Each structure stands twice: as C-alpha cells, then as structure tokens.
Amino acid sequence: MSRFLDPRFAGFEAYTPGEQPRDRRYIKLNTNESPYPPGPAVLAAVDASALADLRLYSDPTQTALREALAGFLNGEFAGLALEKENIFVSNGSDDILNFAFLAFSGEGTTVLFPDISYGFYEVFAEFHGCSYRRIPLREDYTIDLADYRAVPGKKLIVFANPNAPTGIALSAGEIEALLQAEPDSLVLVDEAYVDFGAESAMGLLAKYDNLLVARTYSKSASLAGARLGYAAGSLAVIEDLEKIKYSTNPYNVNRMTQAAGLAVLREWGYYRENCVKIAETREKTAEALREMGCEVLPSKSNFLFVSCLPALGGEEAYLGLREKGILVRWWSRPEIRDRFRVTIGTPEEMESFLAALKALMGGKSDE
Ligand SMILES: *Cc1c(COP(=O)(O)O)cnc(C)c1O
C-alpha cells in the first residue's frame, strides 16, 4: 500500500479470480469458460479491416449491438417487446454488477444476496459502502426467496440463477412471486449460466419494471476474453445505468467486441448446440462421479459442485488434481471447504478429470 491510498480502501479485500497459471499446460476446468471456440461469424467479424478501424473510437451508443440484442430476446421470449433502450451493454457482466451496485444501493436501501454465491457481490457491496446482508442458503444449498421478502424496507436483491458455485436453479415462477411481492425493490437476476438449462426470468420483463436481468457472453458464447455482458430492464433502469456509463467510461465496449457480440447473435444456433453438448457432458460426468462415490449437487450450469468425502477433502482434491495437470476451483470457506467446483469441458477433458480423480481416491483408500 502506498502512502497515497485513500484510507477507506486500506483494509479492502479485492475479488480473487480463478488462477490462470502459466507454469505448464493444464486442463482448465476452474473458471467456467467454454471448451469450444467462437464460431466462424465471429472470426470473420474480427478481421483485418476491423483491426484497421481500431484507430476510431467504438460507438458509445452501441446501437447495432443493442438493437440486435433486443431483437434476439424478443425472438426468444414470447410477449417481449424490448427496444434498444431496454438494453445496456458493458465490458463484461462484472461491469454491469458494479454499475448496478453503485446506482441502486443508496441510502435507505439494503442489498441482499445469497451467503454462498458469486464472490463479487460482497466485494461490490463493500466497495460501494452498501448496507448489505448475506442471506443463508437452505441446508440443501437452495435459495429460499421467502427469506429475502422477510427483510423489511427497500432492497436491491441480487442472485445468480443458476447460482454459483452450486449450479442450482430457481424457477421463473419463484422469481415472479418475488417481483410481485416487492414492487419497490429492484431484483437483479444474474443469468451468467442460464443457457445451460435453467429457466430464464427474461420473459418477466413484459410485466415487471423492478427486474434487471444481467447476462454475459463469457460462458455460453465462448467469448470470455472479449469481455462482453448485457442487461435488460425497464427504460428507466437502463437509463440510470447509461448515466453511470457516460459518467465513467462512454466507450466501455471496444470495437472488436461489439462486432464479435453481433456476430454471435447471427450464429446463435452454433452456441445453443454447444450448450446442449455441455449439458450432456455435465450429466454424464455427474453420473460417473456418483458411481465413484462422490456427491454432486443438481446443476443447471456448466459446472458441478462436488464432494468426494470421506475419500477426499475439497482441498486435497484440488491440490491432487492440480499436481496431475487439472485445474478445478476450491474455496476455503468453512461451509463449502469440503467441496470443489469443476467446469464442464469437452468429453475428453472430463475423461481425464475423472481418471485423475479416481486415481486420487483409489490412492487414498489403499493407505
Ligand atoms: C462469470 C460470471 C460473471 C462475470 O461474467 P463476465 O461477463 O466475464 O464479467 C458474472 N456473474 C456470475 C455468476 C459469473 O459466474
């Protein structure tokens, strides 16, 4: 820490992203990226002429991309009539979460999010000095939205659906009941993993102006490195986010990423097929893990949250797999330290993962 740092950040704990080690080639199953590359339309969109255009600023209104996203969502969800003004795009959905915590958590508002969820929620809540509460999950790791309703007053309610790192999803019906009961609170549904099999809340935008749905191109659209996220919400809520964007970084999405994001929508069938493949691989992997004696939560995402107790603790599994060239994610928090999270890769990668885990578990029981 330098002597120049604002003391209010002195004790601040930043978010720790999943490791990206360079010491050897790993099978990377630790940060929920897609194992499949972007499709041909993306590769064509980010060509030499796009590179030559980098001398020009990107479009700060992001008109082409936002119009295409509105049209895409209207096509996917019956009853929606979104316009470009209902869409906010940003440099990854983390950026959207940051803006939303900044914009919608003022004096008199309590921010609520699950106790076990995406680690960034608490980082943003601390960073923006929000008054916030972490709401515990049920014993079986599910979210009980009644607990959120039980907190009095005006709220910003944030959760990932499916949740991370559990992979467990809420139904759109449960989310609708919350929206109905809480007209004066904003509900931010983080749908980073929705394309792998959960029910989206997006269609509820036709009826509720207290809903903001955030999505990312990082997982299902194979563009984690491009940094692109979007949110859909009421005209007023999106206008608020735009105001913050124009007050911090108007060119928040670069030219190549805007072009890549547009191209993805033109070949969405390719990504949808990849999601189906990943969901199939997930189910096969879960079955194999259960056969090996591990316990696996029911996941609707592109990862599994696994316990191999009593044979193998969470940290042991993480370190043992790492030694064998396979990265998974492990957290030391007491409530989840017995588990690890494994991203669903290609079928071949999952074979390697299962073989390595089996060897670790076998080695243990021979002792
Ligand atoms: C990966 C992830 C994000 C962040 O996505 P980016 O668009 O890459 O910033 C947001 N929320 C959840 C729950 C995630 O897992």
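Just so you know, these numbers come straight off a predicted model, no measurement behind them.
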Salt bridge or not between [X] and [Y]? Use side-chain N to carboxylate O under 4.0 Å.
X	Y	result
Arg333	Asp115	yes
Glu182	Arg149	no
Lys84	Glu67	no
Lys28	Glu33	yes
Arg138	Asp144	yes
Glu242	Lys245	yes
Glu199	Lys300	no

Do the side chain of [X] and the main chain of [Y] share a donor and acceptor less than 3.5 angstrom apart?
X	Y	answer
Ser117	Phe113	no
Arg227	Ala224	yes
Arg66	Thr61	yes
Glu283	Glu280	no
Asn254	Thr257	yes
Thr346	Glu349	yes
Asn86	Glu83	yes
Asn210	Leu179	yes
Arg282	Ser299	yes
Ser185	Lys155	yes

Original post:
Could you walk me through whether Glu295 and Arg290 pass the salt bridge (charged side-chain N to carboxylate O under 4.0 Å, His left out) check?
Top reply: CA-CA 6 Å; Glu295 185 244 323; Arg290 290 187 184 113; over 6 Å; no

Under a 3.5 Å cutoff, is there a donor and acceptor pairing between the side chains of [X] and [Y]?
X	Y	result
Glu174	Ser171	yes
Ser200	Glu191	yes
Ser90	Asn252	yes
Tyr141	Arg339	yes
Ser220	Asp195	yes

Heavy-atom check, side chain of [X] versus side chain of [Y], under 4.5 Å:
X	Y	result
Glu316	Leu360	no
Trp330	Ile336	no
Leu241	Ile244	no
Phe340	Leu312	no
Leu186	Lys154	no
Ser301	Asn163	no

Original post:
Do we get Arg215 above Tyr230's six-membered ring, with its NZ or CZ under 6.0 Å from the centre and within 45° of the axis?
Top reply: no

Original post:
Is the cationic atom of Arg24 (NZ for Lys, CZ for Arg) positioned less than 6.0 Å from the six-membered ring centroid of Tyr26 and within 45 degrees of its normal?
Top reply: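 Ring-cation test returns yes.
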
[X]-[Y] co-clustered via ILVMFWY side chain contacts under 4.5 Å:
X	Y	result
Ile87	Leu223	yes
Leu137	Val189	yes
Ile238	Tyr208	no
Leu327	Val306	no
Phe101	Tyr246	no

Original post:
Of the options Thr216, Asn32, Asn161, which is the one that meets Tyr193 in a side chain to side chain contact (heavy atoms under 4.5 Å, CB included)?
Top reply: Asn32

Subject >> Candidate pair Leu212 and Val187, rule side-chain contact (heavy atoms from CB on, under 4.5 Å), full reasoning >> reply: CA-CA 6 Å; Leu212 180 63; Val187 177; over 6 Å; no

Please indicate whether [X] has more than 12 foreign heavy atoms, meaning atoms of other residues, nucleotides or ligands, lying under 6.0 Å from its [atom1].
X	atom1	result
Glu13	CD	no
Arg3	CZ	no
Lys284	NZ	no
Glu239	CD	no

**OP:** Dump the intermediate steps for side-chain contact (heavy atoms from CB on, under 4.5 Å) on Phe353 and Leu289, then the final yes or no.
**Re:** CA-CA 10 Å; Phe353 157 74; Leu289 284 165; 4.1 Å; yes

Output the distance between atom [atom1] ([X]) and atom [atom2] ([Y]), rounded to the nearest 0.5 Å.
X	Y	atom1	atom2	value
Ile175	Phe159	CD1	CZ	4.5 Å
Ser58	Leu65	OG	CG	11.0 Å
Leu145	Leu112	CG	CG	10.5 Å

Original post:
Parallel under 30°, tilted from 30 to 60°, perpendicular over 60°: which one fits the rings of Phe305 and Trp331?
Top reply: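 Ring orientation of Phe305 relative to Trp331: perpendicular.
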
**OP:** Before giving the answer on side chain to side chain donor-acceptor pair (under 3.5 Å), spell out for Asp190 and Tyr121 the whole-Å C-alpha distance, their side-chain angles and the decisive distance to 0.1 Å.
**Re:** CA-CA 11 Å; Asp190 179 348; Tyr121 303 150; 2.8 Å; yes

Original post:
Got a sec, which pairs hit salt bridge (charged side-chain N to carboxylate O under 4.0 Å, His left out) with one end in residues 352-363, sequence neighbours left out?
Top reply: none

**OP:** Would you mind listing every salt bridge (charged side-chain N to carboxylate O under 4.0 Å, His left out) that reaches into residues 317-329, with sequence neighbours excluded?
**Re:**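 Those involving residues 317-329 are Glu19-Arg322.
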
Flag the pair [X] / [Y] as yes when their ring centroid distance falls below 6.0 Å, and as no otherwise.
X	Y	value
Tyr57	Tyr251	yes
Phe9	Phe127	yes
Tyr118	Tyr15	yes

Original post:
Do Leu297 and Leu304 pass the side-chain contact (heavy atoms from CB on, under 4.5 Å) test, and can you show the C-alpha distance, the side-chain angles, and the key distance before you say yes or no?
Top reply: CA-CA 7 Å; Leu297 297 186; Leu304 292 168; over 6 Å; no

Original post:
What do the steps show when you test Glu315 against Arg337 for side-chain contact (heavy atoms from CB on, under 4.5 Å), and what is the final call?
Top reply: CA-CA 7 Å; Glu315 186 175 25; Arg337 59 171 300 124; 3.8 Å; yes

**OP:** Carefully, step by step, assess Glu126 and Tyr132 under the rule side chain to side chain donor-acceptor pair (under 3.5 Å).
**Re:** CA-CA 8 Å; Glu126 284 282 335; Tyr132 73 94; 2.6 Å; yes

